[in-house]
Structures are given as structure tokens and as C-alpha cells.
Amino acid sequence: MTQIIRVNKTKPEPEKLSAAAKMLASGGTVVFPTETVYGLGANALDEYAVKKIFTAKGRPSDNPLIVHIYDFTQLDKLASTVPASFFELAGKFWPGPLTMVVKKSPLVPDLVTAGLDTVGIRMPNHPVALELIKQSGVPVAAPSANVSGLPSPTKAEHVINDLDGKVDIIIDGGDCLVGLESTVLDIAGDTPVILRPGGITPEQIEAVLGKVMVDRFVYERFKDQDSNPRSPGIKYRHYSPKAEVILVEGSLTEMAAEINTRSEYLINNKKRVGIMATDQTRHMYAHGTVMSLGDRDRPETIAGNLFGLLRYFDQMGVDVILAESIDRTGIGIAVMNRMVRAAGYNIVGAGHAEQW
Ligand code: TXA
Ligand code: MG
């Protein structure tokens, strides 16, 4: 049985969170909201508790988890050494959607880090998450609270669809505002590398550190002959709804023309088609179920809606989702990284497909 607890998302009632905090401290699993996506948490220092996360999600055990903290005193048990850049970045972006990968402490079980000698740590910017971690008294390992392979959950209803009956407690704290996961930045080596683009943009990190590298698998498809990616998560099918997703590149008019041709053809062949458009283009479509992801001039609105819309189209029972691309600047790189993977690298149109 999963207990569902509704809390006030801006001012969570401490007494409502106390049962969930005790559950974490005693080795149970608790789903909680963060500013990025919902997380499926367990005590990061309790291997048995962490094992439950992998079972509930059906997650491959070679994909490491991010550990969530509420203040810096929790670092001692997690990291062995942290570089100066850690505190510079934390000062700027924590609490917030930045995960930093640093050398791990021996106290962190191998299951959390998938046997790596590093650990990803983040302080989430959400009153419910912070209060929960504080009350529990333990650092909280938490991947996104979806069944492995599906889009990450940005609403409690997504979590309930995926994990009801598989976890001890789900805390409903409303919608996640960022809507995409944190940026994963590896600062354990000599040069910082972005392993996964996310809520903090490369431009924001570069304003602090100067030029940063972006891992090649942010752009490229992982192939079996590529060994040991630095972020094991990229090996797996991810963010994929049940429907087939086709990502279309090109100028706005090129994309609209391509999507209209394809949707007409698909509909004539008795397929149900969903179109992921934007506020600027939604009027350009003649067939299919047309939904806007948001405003191209405010790409954070697109980030906020992406996962929810992928799940919505599944609920509508569409067979094929035709999705427009967006610019890869700012948070656009994170949006496109998720879209490309949701599409399983199925990219068409006049664009830069060769770069993925
Ligand atoms: O916003 C987020 O990051 C959310 C919320 C719940 O905090 N969490 C999340 O976790 O997205 P997950 O497990 O879905 O993704 C974690 C990513 C994976 O791509 C994993 O490979 C990478 O972080 N990662 C974790 N620890 C790592 C490490 N030590 N070295 C390299 N990559 C690591
Ligand atoms: Mg995930």
C-alpha cells in the first residue's frame, strides 16, 4: 500500500512531512517534489533502502543516483574531497537544479554510485524537499520518480500512474516548475564537464567557471562499441512515451510543412497523430491533435511542459507524436537533449540531425 500525502507546496506543514521523514530514516521509500521533477527517495547511506529504489523503478543497477542534501553539514558523509569550484557553484546555484559530481566518501554505498568513485550531489530548491530531508536527518538518494524509460514526472498524477503500490509514500506537492532534471556537472577531474544539460544552463555555469566542456554523449548517440560513458544514464532508452516520437528540424515554415505532410499521410493511414507545436506555430497545422509546448521566446515554458505533454499524448492514445525542434541556446540544449532521446534519435527535416 502506498500512502499519498498532500502538502502545501510553498509552506509545507511540518507535521504532515514527519511520517515521510521517519519512513526515510527507517529504510523506506518516499516520492517527493523538487523544483525539477519528482524524486523517488531513500536513505543514501542505507544500501538495503537504496536497493528498493532500483526495484520500484526497474532501473538498471549500473546507473548511479543523485544524493540530495538540505545543508552543507551533510557533505562530510558523502564527499571525500571537494574542489574550490564546488563552493563557488553552490554559492551561486544552490539550492537549485545543479548536481555536482565529486569524489565520494567510503560511507556511500556502491549501489548509489554504481561502483564509480564519484557521487552526484544536489541541494534541491523546493521547500517540501528541503524540509523532508532536514527532518529525516539523512542524505536522500533519489532518481526521477518514473518507471525506468518513461518521461520524468512533473505532476503527482504522473508519479501515481507509475509507482502507486511500489513505494511507501508519495508526497503530492503540486507541479514541478522547472520541468526538466538538474544539470549534471562533473567537477571531480581537472576540467569540469557537463554530463547532462538541465535546469542550470551551460551559459550560467560558464559565467562562473569560464569555458566548460559538454560531454559528447549530450549530442551523440551512445553505441554499443562506445565503452564507459561518464554518465551511465545515457546508455538507456529514456523519456520515451508509448507513442512513436518523430523530431522535426528546420525553420518554422519548413518544420510546419514537414509535419503537415506527415500528419496527413499518417491520418490517412488510420494513425492517431499528436503535434507538439509552440505558441508561434500552433496555427500552422491542419490535422491531428495540436498542442503547444510553450513560447519560443521563453524556452523555460517549453522545458516546463515537455514531459507532461509527452504523457498527455499517451493518455490520449495517439500513435505518433510529431515534435518541433527549438533553439539549442540556454535551456534549449536540455530540452533538445530530452526530445532527441524521447524520439529515440528519430530526427527528420532540414536541420542539424547529423549532430545528434
Ligand atoms: O533533477 C534531478 O536531477 C532529479 C531530481 C529528483 O533531483 N533527479 C534525476 O535523477 O534526474 P536520475 O537518476 O533520473 O538521473 C541522474 C543522472 C543520471 O544520468 C546518472 O547517470 C547521472 O545523473 N549521475 C549520477 N551520479 C553520477 C556520477 N557519480 N557520475 C556520473 N553521472 C552520474
Ligand atoms: Mg531519470
Side-chain angles (χ1 to χ4, degrees), residues 1-9 11-59 61 63-79 94-95 99 104-105 107-114 119-147 152-153 156 158-160 162-174 176 181-182:
M1 257 291 281
T2 299
Q3 191 193 345
I4 298 172
I5 302 174
R6 291 207 165 75
V7 298
N8 184 309
K9 61 182 171 191
K11 270 203 167 128
E13 307 81 344
E15 67 285 359
K16 284 202 181 171
L17 292 180
S18 74
K22 285 190 190 118
M23 184 60 80
L24 284 174
S26 61
T29 48
V30 175
V31 174
F32 58 97
T34 80
E35 81 282 31
T36 57
V37 300
Y38 273 83
L40 163 50
N43 177 359
L45 302 177
D46 176 349
E47 190 157 11
Y48 182 78
V50 171
K51 175 78 187 136
K52 295 179 185 173
I53 294 177
F54 286 87
T55 308
K57 280 190 60 127
R59 181 175 175 107
S61 62
N63 194 4
L65 306 178
I66 294 169
V67 181
H68 298 69
I69 61 174
Y70 81 95
D71 82 356
F72 290 102
T73 61
Q74 292 188 293
L75 279 178
D76 290 351
K77 288 188 174 154
L78 301 175
W94 277 9
T99 296
K104 85 176 193 78
S105 139
L107 294 177
V108 181
D110 279 343
L111 192 58
V112 171
T113 62
V119 59
I121 305 176
R122 143 169 146 84
M123 190 186 289
N125 186 16
H126 196 293
V128 175
L130 292 171
E131 176 67 24
L132 175 73
I133 302 167
K134 183 177 174 188
Q135 279 197 33
S136 76
V138 296
V140 177
S144 50
N146 51 283
V147 164
S152 301
H158 302 156
V159 177
I160 293 165
D162 279 20
L163 297 178
D164 194 16
K166 297 181 181 164
V167 296
D168 294 312
I169 293 178
I170 295 172
I171 302 173
D172 178 349
C176 303
E181 303 86 341
S182 63

Exercise for the section: Output, in order, the C-alpha distance, side-chain angles, deciding distance and verdict of side-chain contact (heavy atoms from CB on, under 4.5 Å) for V37 and H158. Expected result: CA-CA 10 Å; V37 300; H158 302 156; over 6 Å; no
Exercise for the section: Answer yes or no: are there more than 12 heavy-atom neighbours, outside K16 itself, under 6.0 Å from its atom NZ? Expected result: yes
Practice task
Just do the side-chain contact (heavy atoms from CB on, under 4.5 Å) check on L17 and F32 with the steps written out, would you?
Solution key: CA-CA 10 Å; L17 292 180; F32 58 97; over 6 Å; no
So [Y] and [X], do their side chains get closer than 4.5 Å, heavy atoms only?
X    : Y    : result
T2   : L163 : no
M123 : L130 : yes
P143 : K57  : yes
P33  : K9   : no

If you compare all heavy atoms of [X] against all heavy atoms of [Y], which two are closest, and at what distance to 0.1 Å?
X    : Y    : result
A145 : D162 : O-CB, 4.4 Å
L78  : Q74  : CG-O, 3.5 Å
P124 : P95  : O-CB, 3.3 Å
L111 : F54  : O-CZ, 3.6 Å
H126 : G173 : NE2-O, 4.3 Å
A142 : H68  : O-CE1, 3.1 Å

Return the [atom1] to [atom2] distance between [X] and [Y], rounded to the nearest 0.5 Å.
X    : Y    : atom1 : atom2 : answer
I169 : M1   : CD1   : CE    : 11.0 Å
D76  : L107 : CG    : CG    : 10.0 Å
Q3   : I171 : CD    : CD1   : 9.5 Å
R59  : S61  : CZ    : OG    : 10.0 Å
I121 : L75  : CD1   : CG    : 5.5 Å

Result block: side-chain N/O donor-acceptor pairs under 3.5 angstrom for residues 40-51, not counting sequence neighbours:
| residue | atom | partner | partner atom | Å |
| --- | --- | --- | --- | --- |
| N43 | OD1 | L45 | N | 2.9 |
| D46 | OD1 | Y48 | N | 3.0 |
| D46 | OD1 | A49 | N | 3.2 |

Quick one: does any side-chain atom of [X] pair with a main-chain N or O of [Y] as donor and acceptor, under 3.5 Å?
X    : Y    : answer
D172 : G174 : yes
Y70  : Q135 : no
K52  : G27  : yes
S136 : V138 : yes

Handout entry: Pairs touching residues 29-41 that satisfy salt bridge (charged side-chain N to carboxylate O under 4.0 Å, His left out), sequence neighbours left out
Key = E35-R122
Problem - side-chain contact (heavy atoms from CB on, under 4.5 Å) between D110 and K104, worked out - result: CA-CA 10 Å; D110 279 343; K104 85 176 193 78; 3.9 Å; yes
Practice task
Determine, stepwise, if the pair E13 / V7 fulfils side-chain contact (heavy atoms from CB on, under 4.5 Å).
Solution key: CA-CA 7 Å; E13 307 81 344; V7 298; 3.7 Å; yes
Practice task
Scan side-chain atoms only and decide if E181 and S152 contain a donor-acceptor pair under the 3.5 Å cut-off.
Solution key: yes
Practice task
Would you kindly say whether T36 and S182 are connected by a side-chain donor-acceptor distance under 3.5 Å?
Solution key: no
Problem - Residue among L132, D168, I133 satisfying side-chain contact (heavy atoms from CB on, under 4.5 Å) with L24 - result: L132
Fill in the blank from the handout: Contacts of D71 meeting side-chain hydrogen bond (donor to acceptor under 3.5 Å, both in side chains) (sequence neighbours excluded), chain-then-number -> T73
